[in-house]
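One is the number of the first residue; the rest follow in order along the sequence. These numbers come from the heavy atoms of this one structure, side chains and all, not from hydrogens, waters or symmetry mates.
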Amino acid sequence: MQEIIAKYGSQIAGVLNGFDRLVFRGTLRKLSYVRGMSSYLWAEQVLLKNFGQHVQGISERIRQAAVGCMEKHERPVRYLQSSAENKEEIARAIAAQDQISQGPVCALTCVESCQTFDIYRNRQTQKLDLVQRVRKCLFVYQYWQHPVLGWINARIQTWFPFAIQICCNGREWLARQMETAGVAYQRQDNCFPWLADYAQAQQLLEQQLRTDWTSLLNSLAAELNPIHEEIFARFPLSYYWSVFQSEWATDVVFRRQEDLQRLYPLWLHHALTSFGSPEVMRFLGQKLTQKGQVPGRVSTQIVSDCRRRQEGIRIKHRHGNNSVKLYDKAYTPQGSVLRVETTMENPKAFQVYRRREGHPEDALAWLKMRKGIADLYHRAQVSQKVNERYLDGLAPTDDRICLQELLAQLHRPVTYHDKRIRAMRPLADDDGRLLQAIGDGRFTINGFRNRDLQTLLYDTAAQCDTEQRRRSAAVSRQLRMLRAHHLIRKVPHSYRYQLTPLGRQIVTAVLAASKATVDSLIAKAA
């Protein structure tokens, strides 16, 4: 990342590294398998024949407790006919309509598939068996404007084993932190095109990594199921928290949107044409062969794709359930954001330096990263390295000005001495011939006069004085147009003109492009 910052440092206002989207899952591990569930039923003295009645009663109590929290705050509780409905949009619409800036927003309930338990009548043994199977049950979603985390949502499965999922956003959290710390900012969606103090904002993001996640998530779980302790009084249980999905984002903020608008298509083209499977593996920290190729043992598909989204065009490179993507996140007059983001769903693909779980006396060793929140800090470190490698991979991009950018300034009318001068058409016959004439090598040292251009622009000599004056006036208008577009300048105390540096650059580029073959142009564009 240092390479790209060093290359474009004068155009960059600041950089932010931190979590974007975080999805946590809470599991009652003792109830996640049949033997553990059997132990719970034994502790509760529930016979298998009474299993359905018992769990139905518990499920109804949890449902009432989960929606009761919202009803207590007089917030709406809505049942959705289909789980495919966009719950996030519904909740945000309610928050906007009721102007909720802090506190509970709403509860949404719907029926979804889940992994749970059931009773199976075994015909061979003539007994009832407790089995795991997929079935449908009611889920309760709660949406909050949390005083610390900002916008969050949490859901609970109201049937055993009562799995919980909590989703928050590190940038939402950062906004609350900056408001408390008095750091001014401008926000667009979940990024910040302008910040008063990037160093302080980065420190606040790093504080998120030092959070007591267990206590924080347990407090959120208590809002979902406030009767947890009551239900499991005879069989004490606590949630084991893991990270189902994490997004670690590096935001490079450009001062001017014109700079990012010019550079991003070049980076996008470079990524599409230069980042193959070996490069993606290297970005994601995976080992390659000595020849720099993907090992034959790798069976997971490596895919790169490009899509246009509301935020901008994004390119994404996937290896299994892990990916790294690049997109232009925001364009505003105050600043524009380039974002590189690592999404991790399979942490076992990475190795971290840690002790074996359950063996604190062991020496540190390189082991597979775990999904548990114990490795959340390691997850952040690995994701940051992925982002840095990706940005460094963009640094060698050829960002020299292209012909389209060079000629864009000629395609607009200009004002010269309070008169409107038309736009030029450098590739058209008339203006193209004019540019070819002023670029003639004979005029490099001494420049050219009106009469010099006449000999190049007209095939025959003037037949009379009237024709001569008409030609001279026409060339004078063309000279005025060239001066208005800053392609030529007048030599002091003479009637001669010379090309400006911009004019020489444009004339050379136009002549080179007009004489290039189609095959050579295609090869350059590829």
State whether [X] and [Y] are salt-bridged, where the test is any N-O pair (Lys NZ or Arg NE/NH1/NH2 against Asp/Glu carboxylate O) under 4.0 Å.
X	Y	result
E172	R187	yes
R155	E112	yes
D375	R354	yes
R470	E467	yes
E88	R21	no

Of the non-hydrogen atoms in C168 and F24, which two are nearest, and what is the gap between them?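 Heavy atoms only, the tightest pair is SG-CE1, 4.0 Å.
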
A cation-pi test, strictly: NZ or CZ of R379 under 6.0 Å from the centre of the six-membered ring of W248 and no more than 45 degrees from its axis. Yes or no? no

D251, D20, D189 screened by salt bridge (Lys or Arg N to Asp or Glu O under 4.0 Å) with K329, the one that passes: D189

Does a side chain donor of either Q384 or E388 reach within less than 3.5 Å of an acceptor in the other side chain? yes

Residue I445 excluded, over 12 heavy atoms near CD1 under 6.0 Å: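 Open: at most 12 neighbouring heavy atoms sit under 6.0 Å from CD1 of I445.
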
So, [X] side chain and [Y] main chain: donor-acceptor pair closer than 3.5 Å or not?
X	Y	answer
R355	A363	no
E3	A395	no
T343	N322	no

Q454 pairs by side-chain hydrogen bond (donor to acceptor under 3.5 Å, both in side chains) with which of Q468, R449, R471? Q468

May I ask you to check whether W173 and F19 place their ring centers less than 6.0 Å from one another?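 No, too far apart.
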
Name all pairs fulfilling the ring-ring contact (aromatic ring centres under 6.0 Å, His included) condition that reach into residues 375-427, sequence neighbours left out, sorted by first residue then second.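 For residues 375-427, and leaving out neighbouring residues, the ring-ring contact (aromatic ring centres under 6.0 Å, His included) pairs sorted by first residue read F275-Y390, F283-Y390, H317-Y390.
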
